[in-house]
Amino acid sequence: MNNEKPTHFIHEMIEADLKSGRYQSVRTRFPPEPNGYLHIGHAKSIVLNFGTAKKYGGQCNLRFDDTNPTKEEVEYVESIQEDIRWLGYEWDELRFASDYFDQLYAWAVQLIKEGKAYVDDLSQEEIRQYRGTLTEPGRNSPYRDRSVEENLDLFERMKNGEFPDGSKVLRAKIDMASPNLNLRDPVMYRILHARHHRTGDQWCIYPMYDWAHGQSDAIEGISHSLCTLEFENHRPLYEWFLDNLPIAHKPRQIEFARLNLTYTVLSKRRLIRLVKEGHVRGWDDPRMPTLAGLRRRGVPPAAIRNFCEAIGVAKANSTIDLALFEYHIRQELNRIAERRMAVLDPVKVVITNYPEGQVEWLEAINNPEDESAGTRKIPFTRELYIERDDFREVRPNKKYHRLSIGHEVRLRYGYFIKAESVVKDEAGNILEIHCTYDPETRGGYAPDGRKVRGTIHWVSAPHAIDAEVRLYDRLFTVPDPRSEADKDFTEFINPNSLTVLTGCKLEPDLAAAAAGTHYQFERKGYFFLDPDSQPGRPVFNRTITLRDTWSKIAKSLGQK
RNA sequence: UGGGGCGUGGUGCAAUGGCAGCACAGCGGACUUUGGAUCCGUUGAUCUUGGUUCGAAUCCAGGCGCCCCAGCCA
């Protein structure tokens, strides 16, 4: 069970409820509406709900809040399940609010019989006018005092499909003067002649969120119904329904602040626009904060879980620095990623004193953080590729430790080489760098103990595999794309959020790169095979760069 | 101008009347066959005014600021 002390106010409340006997056990639920893909913000709720159940030895259900057939689709109920499992959680029971439509209807009839609900013929516009404003009380609908018999008859005929959409609603009879607008006779049912993805054409009236959620919680025996802050105003209504129904079990709703992330948008409305307007390639575009996007990008689920645990749970609205998420991604990837060498922007190196046609297979470590990952052999030959950026004809400053003419550098797991000359085309572009190597330094060790500060990666030219590599940067150029009221958030989309590199050179071992395996291309970052890959034509997504302290040093030096 | 909620370093979270702490970010250093990882050090905060108290981030009163609510969305 649980020995650690509570980490936040929700767990404190749960422990108090357990101690007082209000509840004997903990049961939570994750209640998505199947009208979009899950994103990192949902992950916070998933980790909270499933994590809380686990911590207290309880259960957690997955319940789809499918009360609005005009917006919901099976595509989403499937993707949501896939994403939750990928994140690392399994629900105790799979439920749907639509499972409870019969019970909800019966309870509504009961409220009508008790004079606590009525059928209203007011139009949507009239209902709004009658509701009053934030500072003025509302007025009773002229239909508020219909007889029980008439209400029963009308409600049944609503159910039977005798009335068109929008012509009538069932409302709870509470208090049109309440300072809490949710209590001003909230709508319980609306008429919607729409086909539901589960119940088909069985219903043409559908329950509203407020009427469905609390009762669904009660039916499932949920002890703690955790939701976001905007539902705090709904809690009195949540409790009113429970108190006015013959329900023994009363769940407790607790609200917490939703996740916000810098340089990211997380509202469904905005996410759907990014997809529908073609700013990204789909819900699983690696730049999207959706779980599907993060998965495709190569973010490990453990990184997301750790991040969600690290940010805490509180009631203050807050925006987490993207850097914290990136920290957890790197921390997990550093632990699990297989190291390989890949040259993204290749330039050829010819080692003039290395025998033509010779191939040496040198040993390289797969993961210095995990000895069990073992080693592999990589081929070394006379012609190699290195990063164009790892060479300067003239050493720019004394902190520059990479290759330059007259200076020595270590080829990772290879030899020390020294640049002697360059071959250029007429435009002055470097075609080849001619180097000499020291045969005594095989494996990268200097028997004479001389120091070489720089170590660069490389691949053997005749063995290299060509690949496409996609580099991603943050999708937005400003920390809060919603911040300026007169500008649409799409105006802040980073035009350089995607860079496609072709002709990248990979070490031959990567021919067998497996989908789902996380790689670190040494010195370049973490990479993950994209499903766009073709046999012999791999496509890699850069999940994230390595931490780059050099760029800071270079910046302070005023160099590129 | 009604009701509900929230204000602690740059960011996020702790401290539950008793030395304001942790993480990320920043800065400095050590080490390094990844300018990675690791290790060490360091800058920096209680919205405000008053009150209670030996003692207040915490309790009380007022003020200020921010968020949510007027869907037949969730």
Side-chain angles (χ1 to χ4, degrees), chain A residues 7-8 12 31-33 35 65-68 70-72 120 122-124 127-129 131-138 165-171 177-184 186-192 205-206 208-210 212-213 227-236 255 257 262 268 310-328 330-331 334-335 339 341 364-365 368-369 399-402 410-414 416 441 443-446 452-457 479 520-526 545-554:
Chain A
T7 53
H8 50 71
E12 281 179 8
E33 183 190 13
N35 70 343
D65 231 329
D66 56 349
T67 56
N68 186 352
T70 65
K71 291 189 176 175
E72 295 151 8
D120 197 346
L122 252 28
S123 70
Q124 190 164 349
I127 285 182
R128 189 192 318 152
Q129 284 163 359
R131 187 154 30 222
T133 69
L134 294 177
T135 53
E136 299 162 292
D165 288 5
S167 60
K168 287 178 169 41
V169 291
L170 183 74
R171 303 176 71 177
S178 172
N180 182 337
L181 305 224
N182 294 123
L183 263 17
R184 317 240 266 227
V187 173
M188 296 166 62
Y189 279 97
R190 74 287 217 192
I191 300 171
L192 248 30
I205 57 171
Y206 290 93
M208 298 289 290
Y209 164 84
D210 287 301
H213 202 92
C227 63
T228 44
L229 252 26
E230 66 269 27
F231 292 102
E232 202 153 20
N233 294 328
H234 293 243
R235 188 169 4 116
E255 311 83 14
T262 56
K268 268 179 191 170
I311 58 178
V313 178
K315 295 196 69 157
N317 291 313
S318 62
T319 302
I320 310 289
D321 191 340
L322 221 214
L324 181 62
F325 186 38
E326 294 178 335
Y327 166 82
H328 286 281
R330 290 194 179 99
Q331 178 170 275
N334 177 55
R335 201 173 67 77
R339 272 61 170 177
M341 290 203 284
I365 294 166
E369 307 292 322
K399 286 194 174 178
Y400 183 88
H401 300 309
R402 290 172 278 175
R410 174 188 293 109
L411 293 176
R412 176 83 153 151
Y413 302 124
F416 289 3
T441 57
Y445 299 97
V452 169
R453 292 288 297 272
T455 301
I456 64 174
H457 61 280
Q520 182 196 107
F521 293 170
E522 295 212 18
R523 303 206 306 137
K524 299 312 291 184
Y526 296 97
T545 61
L546 258 24
R547 257 184 85 233
D548 185 9
T549 50
W550 169 247
S551 67
K552 287 173 195 163
I553 296 168

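Every chain is numbered from 1 and lettered A, B, ... according to where its sequence line falls, protein lines coming before strand lines.
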Rounded to whole Å, CD of A:E255 lies from P of B:C6 at a distance of 10 Å

Mind listing the N/O atom pairs, protein and nucleotides 30-32 of chain B, below 3.5 Å?
none

Side chain to side chain donor-acceptor pair (under 3.5 Å) partners for A:E33, two or more places apart:
A:N35

Quickly, which of A:R523, A:R412, A:Q520 forms a side chain to side chain contact (heavy atoms under 4.5 Å, CB included) with A:M341? Name it, please.
A:R412

Could you give the CD-to-P distance, from A:E326 to B:G26, as a whole number of Å?
11 Å

Which pairs, protein N/O on one side and nucleotides 14-16 of chain B N/O on the other, fall under 3.5 Å?
residue	atom	partner	partner atom	Å
B:U16	O4	A:E12	OE1	3.2
B:U16	O4	A:E12	OE2	2.1

A:I320 atom CD1 is separated from B:A23 atom C1', nearest whole Å, by 11 Å

Which is true for A:H401 with a 4.0 Å heavy-atom rule: it touches a base, it touches only sugar-phosphate, or it touches nothing?
base

Footprint string (nucleotides 68-74 of chain B, 5' to 3'): B base within contact, S backbone only, - free, heavy atoms under 4.0 Å:
BBBSBSB

Say you draw a straight line from OG1 of A:T545 to CD of A:E326; how long is it, rounded to the nearest 0.5 Å?
7.0 Å

Tell me the interatomic distance from A:I311, atom CD1, to B:A23, atom C1', rounded to whole angstroms.
12 Å

Quick one: is A:R523 getting a side-chain N or O under 4.0 Å of the B:G35 phosphate, OP1 or OP2?
yes

Provide the distance between the two P atoms, one in B:A37 and one in B:C24, to the nearest whole Å.
12 Å

Just to be sure I understand the rule, does A:Q520 reach a base, reach only the sugar-phosphate, or reach nothing, if contact means heavy atoms closer than 4.0 Å?
base

Considering only side-chain heavy atoms of A:W550, which listed nucleotide, B:G35, B:G5, B:U34, is closest?
B:G35

Can you check nucleotides 37-43 of chain B for protein contacts, nitrogen or oxygen pairs under 3.5 Å, and list what you find?
residue	atom	partner	partner atom	Å
B:A37	OP1	A:R547	NH1	3.2
B:A37	OP2	A:R547	NH1	2.7
B:A37	O2'	A:N334	ND2	3.2
B:A37	O2'	A:E369	OE1	3.4
B:A37	O2'	A:E369	OE2	3.0

Is there side-chain contact between A:D65 and A:Y209, with at least one heavy-atom pair below 4.5 Å?
yes

Provide, to the nearest angstrom, the distance between the CG atom belonging to A:D321 and the P atom belonging to B:C24.
12 Å

RNA chain B: A:R412 or A:F325, which has the more 5' nearest nucleotide?
A:F325

Please classify the nucleic acid contact of A:A310 as base, sugar-phosphate, or nothing, using heavy-atom distances under 4.0 Å.
nothing

So which heavy atom on A:I191 is nearest to which on A:S167, and how close?
CD1-OG, 3.7 Å

Which is true for A:Y445 with a 4.0 Å heavy-atom rule: it touches a base, it touches only sugar-phosphate, or it touches nothing?
base

Mind calculating the distance between NZ (A:K315) and C1' (B:C66) to the nearest angstrom?
15 Å

Once pairs are restricted to Watson-Crick or G-U wobble with both distances under 3.5 Å, how does RNA chain B read as a dot-bracket string, [ ] for crossings and | for other-strand pairs?
.((((((..((((....[..)))).(((((.......)))))....(((((..]....))))))))))).....

Could you give the distance separating B:C72 and B:G7 at their P atoms, to the nearest angstrom?
31 Å

Look at all strands and tell whether A:T455 reaches a base, only sugar-phosphate, or nothing, counting heavy atoms closer than 4.0 Å.
sugar-phosphate

Check whether any side-chain nitrogen or oxygen of A:K552 sits under 4.0 Å from OP1 or OP2 of B:G26, and answer yes or no.
yes

Determine the contact category for A:P236: base if any of its heavy atoms lies under 4.0 Å from a base atom, sugar-phosphate if only primed atoms, P, OP1 or OP2 are that close, otherwise nothing.
nothing

P atom, B:A45 versus B:G9: distance in rounded Å?
9 Å

Would you mind reporting whether A:P186 and A:D210 have side-chain heavy atoms less than 4.5 Å apart?
no

